[in-house]
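For reference, the structure is listed below as structure tokens.
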Amino acid sequence: MAYHDSLTGVGNRELLFQQFQVLLDAAKHNNRQIAVLSLAPDGLGQINAISGHGLGDLILTKVAHRVQKVLGKNDLLVRMAGHRFIALLPDLTSRSLADKKIGEIIKEFETPITVNSQDFDVTITIGVCFYPSDGEDPASLISHADAALDSAKLNNRGNATVFSEELNISMARSLYLRSRLRHALENGEIIAYFQPQVNVISGEISGIEALARWNAPEGQISPAEFIPVAEEYGFIDELSRQIMLDACKWSKKWLDKGYGKIPMAVNISGRLFHNSRQLIRMVRQTLKETGLPPELLELELTESTAMLDPQMAIAVINRLGEQGISCSIDDFGTGYSSLAMLKSFPLKKLKIDRSFILDLTSDRNEEAIVRATIAISRALNLTVLAEGVETKRHFDILKSMGCDVIQGYLFSRPLPAADMENMLKTWNPAQVIADLA
Ligand code: C2E
Ligand code: MG
Ligand code: MG
């Protein structure tokens, strides 16, 4: 009993510490490798919050059993704390043996877990490292497997990530950002910058996108870096609220100054979109606080966010639509869209991902994708926008293909509010088109 976890029936930490060194000594003697896996189910925290710990514990026990089922009699599985497990796969002659088992573990979680005749979609995320290449003692091996798990939770949920030195460095960076984020939010270090969207025919600014910028004392930090960290560590709601508020405040100001009815686009993270009650509350509150008409707010969600649970996405987009708020699909082409689904989405715009524009002049495949996306948008009656347009050559090609709106460095980088306002003040659509002719 001293070596077993009373909840799940697998080993406990005492067992791990008792066995680990013995297995390491044997591996050293036989010139074998050991795979160290740090495993954690995804989404159990949410299930606990909604349904209570009793149910969560039952699910956790089933999680342990599914992992155990794949492991052999010489492998060791223990529960460390909370939802976290460690597995040791000793006596490996090659890494591919470990890869195979890891693949099987992930596959085990493709079917939902049934508890009290209710189905739960639980996936598992795994961090992996190997003795002797990633460490030679239990403490460093466990910490490296944990680092790989942390990284996987940020960038590769429901999958396995193998430890590397680069990963270690980037995790150290993520943890540093995490430790700074709360203060940054309280201090107003994260603000909205603005990038214009230009109509290719009229030259008018037909929309503005708000992009988060973290002006840290040591320099600006990219949203590509801090948004995933904010999502994983629970800061995304507050961050989104602040950016939305900032964006709507400026938009209302520019509306009042007479620059026209220009919709403001705000990016919505997957986590926030799937927490739709919170999202709708946030939108309502922001519009009330700023007085911005709802038709001037547009939410951008990525293709993968929308397609994760299309039925649910349609319902949320409809609810937003009832309040006058429109939605666009960002980074289109990077995920997998079901065209049948796309047809039922009450959308306003498709934004073609920047990666397709980048190679537009040299790559015929990219050209075909852009052409097809424009055709789909036409058929579905959506506005189509190309993002990341940097050159006049791109502009010409996109215009000739029938793209409606262009966003990119060709017109402007994302600007601080004061500079954006200046741009609105001096913008001359006819001149813009003439200069590009
Ligand atoms: P996104 O929404 O697809 O935004 C477009 C990105 O492309 C922005 O990067 C923008 O600065 C950049 N960009 C625009 N024109 C050009 C161009 O001509 N050339 C090149 N090379 N890049 C261009 P940024 O601002 O670094 O944002 C990166 C991503 O971070 C955004 O991609 C978005 O997914 C996310 N993000 C930014 N702000 C927020 C936010 O407030 N909330 C959430 N949830 N995500 C945000
Ligand atoms: Mg966007
Ligand atoms: Mg994009």
Side-chain angles (χ1 to χ4, degrees), residues 154-155 177 181 184-185 189-198 207-215 219-248 250-251 263-275 278-279 282-283 286 297-306 326-335 347-361 370 373 384-395 398 405-417 419-420:
L154 281 175
N155 308 309
L177 294 180
L181 257 174
L185 286 166
E189 282 176 25
I190 301 179
I191 58 170
Y193 270 43
F194 301 94
Q195 191 176 35
Q197 305 175 335
V198 180
I208 296 175
E209 178 174 7
L211 292 155
R213 289 291 177 272
W214 181 350
N215 290 318
Q220 211 169 61
I221 302 170
S222 160
E225 215 184 354
F226 67 80
I227 297 283
V229 176
E231 279 208 304
E232 180 59 25
Y233 299 115
F235 297 108
I236 195 67
D237 288 359
E238 179 55 18
L239 191 152
S240 308
R241 195 189 64 77
Q242 289 193 14
I243 294 295
M244 194 184 282
L245 187 62
D246 203 18
C248 291
W250 282 105
S251 187
M264 176 64 71
V266 176
N267 293 284
I268 299 300
S269 82
R271 286 277 169 98
L272 181 57
F273 185 75
H274 289 106
N275 185 358
Q278 172 76 359
L279 172 65
M282 186 185 291
V283 167
T286 308
L297 179 60
E298 181 182 316
L299 305 183
E300 290 190 1
L301 37 143
T302 64
E303 185 180 27
S304 29
T305 298
S326 56
C327 291
S328 301
I329 299 286
D330 203 354
D331 304 345
F332 187 81
T334 57
L347 293 170
K348 178 172 170 192
K349 250 188 214 151
L350 284 190
K351 300 186 71 174
I352 307 174
D353 191 63
R354 188 150 60 88
S355 57
F356 300 107
I357 310 303
L358 204 62
D359 299 325
L360 197 54
T361 45
V370 172
T373 306
V384 57
L385 177 150
E387 53 181 13
V389 177
E390 296 186 0
T391 64
K392 179 174 175 327
R393 178 107 181 86
H394 287 154
F395 177 89
L398 287 160
V405 183
I406 297 284
Q407 180 179 350
Y409 296 171
L410 173 65
F411 293 113
S412 172
R413 291 184 174 254
L415 300 170
D419 296 346
M420 184 70 234

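Count residues from 1 along the sequence. As the structure lists them, so they are numbered: ligands from 1, and atoms in each ligand from 1.
- Rounded to the nearest 10 degrees, the angle OD1 (N267) to the Mg ion (ligand 2) to OE2 (E209) equals 90°.
- Side chain of T286 to backbone of M282: a donor-acceptor contact under 3.5 angstrom is found.
- At a threshold of 2.8 Å, the Mg ion (ligand 3) has a backbone or side-chain N, O or S atom of D331 nearer than that distance.
- A donor-acceptor pair under 3.5 Å is formed between the side chain of E303 and the backbone N or O of G333.
- Salt bridge annotation for E300-K349: absent, with no cationic side-chain nitrogen under 4.0 angstrom from a carboxylate oxygen.
- For the residue pair E209 and Q195, no side-chain donor N or O sits within less than 3.5 Å of a side-chain acceptor on the partner.
- The backbone N or O of L185 lies less than 3.5 Å from a partner atom in the side chain of Q242, making a donor-acceptor pair.
- A side-chain donor-acceptor contact under 3.5 Å links T334 to the backbone of D331.
- Side chains of E231 and S269: a donor on one and an acceptor on the other come within 3.5 Å.
- When distances to the Mg ion (ligand 3) are checked against a cut-off of 2.8 Å, E300 contributes no N, O or S atom below that limit.
- Side-chain polar atoms of N215 and E189 form no donor-acceptor pair below 3.5 angstrom.
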N or O contacts of ligand 1 with protein under 3.5 Å, please list pair by pair.
from: ligand 1; atom 1: 2 (O); to: E209; atom 2: OE2; distance (Å): 3.1
from: ligand 1; atom 1: 2 (O); to: N267; atom 2: OD1; distance (Å): 2.9
from: ligand 1; atom 1: 2 (O); to: D330; atom 2: OD2; distance (Å): 2.8
from: ligand 1; atom 1: 3 (O); to: D330; atom 2: OD1; distance (Å): 3.4
from: ligand 1; atom 1: 3 (O); to: D330; atom 2: OD2; distance (Å): 3.4
from: ligand 1; atom 1: 3 (O); to: D331; atom 2: OD1; distance (Å): 3.0
from: ligand 1; atom 1: 3 (O); to: E387; atom 2: OE1; distance (Å): 3.4
from: ligand 1; atom 1: 7 (O); to: R354; atom 2: NE; distance (Å): 3.3
from: ligand 1; atom 1: 15 (N); to: Q195; atom 2: NE2; distance (Å): 3.0
from: ligand 1; atom 1: 18 (O); to: Y409; atom 2: N; distance (Å): 2.8
from: ligand 1; atom 1: 19 (N); to: E390; atom 2: OE2; distance (Å): 2.5
from: ligand 1; atom 1: 21 (N); to: R354; atom 2: NH1; distance (Å): 3.1
from: ligand 1; atom 1: 21 (N); to: E390; atom 2: OE2; distance (Å): 2.9
from: ligand 1; atom 1: 22 (N); to: R354; atom 2: NH1; distance (Å): 3.4
from: ligand 1; atom 1: 22 (N); to: Y409; atom 2: OH; distance (Å): 3.3
from: ligand 1; atom 1: 25 (O); to: R213; atom 2: NH1; distance (Å): 2.8
from: ligand 1; atom 1: 25 (O); to: R213; atom 2: NH2; distance (Å): 2.8
from: ligand 1; atom 1: 38 (N); to: A212; atom 2: N; distance (Å): 3.0
from: ligand 1; atom 1: 42 (N); to: N267; atom 2: O; distance (Å): 3.4
from: ligand 1; atom 1: 44 (N); to: S269; atom 2: N; distance (Å): 3.4

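- No other N/O/S atom of D330 lies as close to the Mg ion (ligand 3) as OD1 does.
- In terms of distance to the Mg ion (ligand 3), the nearest N, O or S atom of E387 is named OE2.
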